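No experiment lies behind these values; they were computed from the predicted model shown. Values below: all heavy atoms of this structure, side chains included; hydrogens, waters and symmetry mates excluded.
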Amino acid sequence: MSRLIVISNRVTAPLESHSGAQGGLAVALQAAIREFGGIWFGWSGETTEQFTGHINLQRAQGVTTATVDLEQQDVEEYYNGYANRTLWPLFHYRIDLAEYERGFAGGYRRVNQRFADTLRPLVEADDILWIQDYHMFPLGQEMRDRGCRNRMGFFLHIPWPPSRLLATLPEAEALVRTMFAYDLVGFHTRQWLDSFRHYATHEMDAVADGDTLTLDGRTLKLIVAPIGIDTKEFVEGANGGAAKQAFRRMRDSAVGRDMIVGVDRLDYSKGLEERFLGYERFLEEHPEERKEVFLLQIAPPSRGAVESYQKIRATLEGIAGRINGAYADVDWVPIRYVNQGYPRDVLAGIYRAARIGLVTPLRDGMNLVAKEYVAAQDPEDPGVLILSRFAGAAVQLPEAVLVNPYSADEMSDAILTALRMDLGERKRRWRAMMDNIEAEDVVWWRTLFTDVLMADGDKTAPLATSHDSAAA
């Protein structure tokens, strides 16, 4: 049987106990490697004075990880630069924040070449390669350039932008061309897949046959495979000791008030500023509801070295302070704003204590917080999920109260609807969403993708070489 080699920007080694500390993606990828054998390869997260290609191999709980250190310049240009200051904002429709620096593009290509140089000797003839996310778009082509004929798949965990936005990227065509080095590319939603296919067919003359594209003699299959959570493990965590303790703590601190909860990385794509303004509109329009509710926003900092993230933190602190200053009383604060993270089992207890889960990103490839909120609920008294129409999860969870996060009025109306929703309606909506979350969990997602990738895996992929790599 073929081994599975998973490649991602960061590698998560298995823990002795899950205890909610690892995300569903890490758990799913580790399970796949245990099933098929193989390696999880990527950046260690550490820096070195000079890149040597030294691989740190470790094995724990049946999973072998292989990591390399990068130079500080690599981190600045590849990770902080091209990945998070160019691609991330562009692919989340924020071209106003995207920075197109030649040095970033060069560093991105250099690091992907270094990954390919380091990985290539580890790959055996019948291995299957599965590359994860936007940090490594060109890695497949780099591997082909080094003679790798193996089956290779790529999964994008963020949105794919419309052609008119992608065209603002100087290396757009070269980047998309590298994608044809893969045999299979996966997206969370049909919308993201269609956007990719539109660019390839309208801007690059690729020929489409359903969800199969052909360009320059290479054939690429596209697939919609929405990721889920580890539902069984998360529900168990939500009924465990740490979750119950967190639940009691939140209920005690709520003193009879309804809690609205938001849990997001501190990122402009999550719509936190718009969320605060929508909640403020609710307080303005429904004074009778003041002191009856409060918003708990948990927002751990991320990518602190990137200036745009520093700005959003300052902006949110200012808005939260202004709202609290305008509406708070000696015995009530409308917003509790917390800049730290919590283990997933603790979050499960917080989710269960919340009458409303407020998940309102401006654009999101999927958003697993929405699914975790639903999975954490008490079936006999579930809360209500308010979900952005622009999150990939909205396709699978139409029974949520769907909103346009740009509209403060819609946000305000949705909060009122959720607070006044009767128990029967809450249970009906929750059951429909939970059915999907249980059926299409992270194992289902992983199996769907790998089954397609490994189909015809005994057939050698055509060898493709190109010197027109992304960010050239």
Could you tell me which residues satisfy side-chain contact (heavy atoms from CB on, under 4.5 Å) with [X], sequence neighbours excluded, listed by chain and number?
X    : result
V224 : R190, L193, P226
A353 : F247, M250, R251, M259
S163 : H198, Y199

With sequence neighbours excluded, tell me which residues meet ring pair (Phe, Tyr, Trp, His ring centres under 6.0 Å) with [X].
X    : answer
W160 : F91, F137, F196
F234 : none
Y182 : F154

Name all pairs fulfilling the ring pair (Phe, Tyr, Trp, His ring centres under 6.0 Å) condition that reach into residues 417-452, sequence neighbours left out, sorted by first residue then second. W130-W445, W130-F449, F155-W445, F155-F449, H157-W445
Donor on one side chain, acceptor on other, [X] and [Y], under 3.5 Å:
X    : Y    : result
Y279 : Q297 : no
W43  : D74  : no
D267 : S269 : yes

The criterion is salt bridge (charged side-chain N to carboxylate O under 4.0 Å, His left out); which residues satisfy it with [X], sequence neighbours excluded?
X    : answer
R322 : E280
E285 : none
R197 : D194, D211
D413 : none

Qualifying salt bridge (charged side-chain N to carboxylate O under 4.0 Å, His left out) pairs with a residue from residues 375-394, counting only residues at least two apart or across chains: E380-K427, D381-R426
